[in-house]
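First comes the structure, then the notes that go with it.
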Amino acid sequence: MTTSDVTTTPTRSGAAATSRGQREVHRFEALLVGGPTLHFRYAGLAFLTDPTFDEPGDYEGAIALHKLTGPAVRPDELGPIDVVLLSHDQHFDNLDRAGRELLATVDTVLSTPDAAGRIEGVTGLEAWQAVSIGEAEITAVPALHGPEGAEAQSGVVTGFVLRAPGVPVVYVSGDNASVELVREIAGRVGPIDVAILFTGAANPGRFGDVDVTLNARTALEAAVALGDALIVPIHAEGWAHFSETLERLELVFGYGGEADRLRVPEKGRRLVVDRSAGLEDVAGRA
């Protein structure tokens, strides 16, 4: 794949008019490497979110980060990657040293304009800008990595929405803490089948007690805003700055009456979600 295969298209607000009943929806299959790193095939392409493949260690900086567990799968075990969806490049828990090396081997890396200015070969997308790669249309959607105005300290981040004929519409939140933005995305994009939410109530202390990703309560609010989308929570383990466990997330979703929509992946095991089979899922080895 070359850069000529990536075609920028204007935002299509008319996509919201397409109902789930008007399209054929098949299964979504993914493998959690660890943290924010999810490998999945979509419309004939291999995608990877926020590459993190370092072994455990410490990262010094304005905010020190501590990685507790390594990847469940090595990059060479995943096979060729067609597209990396990079929510942002400025934090090691979303792009570590080994992940940064991986970017040089991938033809198409989509991220923020800021990331494109810092990393050669990255295509930067403004919010609501879309590109077409093969049959897949990928739209950058807004995300907020902390409270209102967090960009001045946390930097700009992005999420993504993927759509293609005959496959589920997928939302990748990136490091987003804003439920209001999720509501905006759901209203503008239309029905979403699978939502990959970065959760864990990440809190490295930059904004006091304010989380910089979704916590269990705000993830539940986001799920309600997303209609009947299945929820795949990731980026909730492996780093010391996560302040909530996946067990708490499951508990809160259960109390909120939304437990049946939650699909929690296990590191190193492939998760298959098949909406056409009554929202069933199965897991198997990578």
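Small disclaimer: the values here were computed from a predicted structure and weren't measured.
Side-chain contact between K67 and D54: present, with at least one pair of heavy atoms (C-beta onward) separated by less than 4.5 Å. Put simply, the side chain of P265 reaches to within 4.5 Å of the side chain of P233, judged on heavy atoms. Between Y171 and V182, the closest side-chain pair of non-hydrogen atoms falls below 4.5 Å. At least one side-chain heavy atom of R163 sits under 4.5 Å from a side-chain heavy atom of V189. Residues I133 and D82 are not in side-chain contact: their nearest non-hydrogen atoms beyond the backbone lie 4.5 Å or more apart.
Just one of T49, L271, L31 meets the side-chain contact (heavy atoms from CB on, under 4.5 Å) condition when paired with F40; it is T49. For the side-chain contact (heavy atoms from CB on, under 4.5 Å) test with V169, the passing option among V194, I192, L162 is I192; the others fail. Between L249 and the options T245, L251, L246, a side-chain contact (heavy atoms from CB on, under 4.5 Å) holds for only L246.
More than 12 heavy atoms of other shown residues, nucleotides or ligands fall within 6.0 angstrom of atom CZ in R183.
V224 and L226 end up in different hydrophobic clusters when Ile, Leu, Val, Met, Phe, Trp and Tyr side chains are linked at under 4.5 Å. L78 and L102 fall within a single hydrophobic cluster, where Ile, Leu, Val, Met, Phe, Trp and Tyr side chains are chained together by heavy-atom contacts under 4.5 Å.
Classified by interplanar angle (parallel below 30°, tilted 30° to 60°, perpendicular above 60°), the ring pair F47/Y42 is perpendicular.
At a threshold of 4.0 Å, the pair R118-D89 counts as salt-bridged, since one of the basic side-chain nitrogens sits closer than that to a carboxylate oxygen. Salt bridge E221/R217: present, at least one basic N to carboxylate O contact under 4.0 Å.
Side-chain contact check for D93 and H235: at least one donor-acceptor pair (N or O, by modelled atom type) lies under 3.5 Å. The closest side-chain donor-acceptor pair between T158 and T112, if any, does not fall under 3.5 angstrom. Under the 3.5 Å distance criterion, with hydrogens and angles disregarded, a donor-acceptor pair is assigned to the side chains of S87 and D50.
Note that CD of E120 is 11.5 Å distant from CG of L103, once rounded to the nearest 0.5 Å.
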Assess the residue pair F92 and W239 against the criterion (ring pair (Phe, Tyr, Trp, His ring centres under 6.0 Å)); give the C-alpha distance rounded to whole Å, side-chain angles, the decisive distance to 0.1 Å, and a yes or no. CA-CA 10 Å; F92 280 111; W239 293 81; 8.2 Å; no

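No donor-acceptor pair under 3.5 Å is formed between the side chain of N94 and the backbone N or O of H88.
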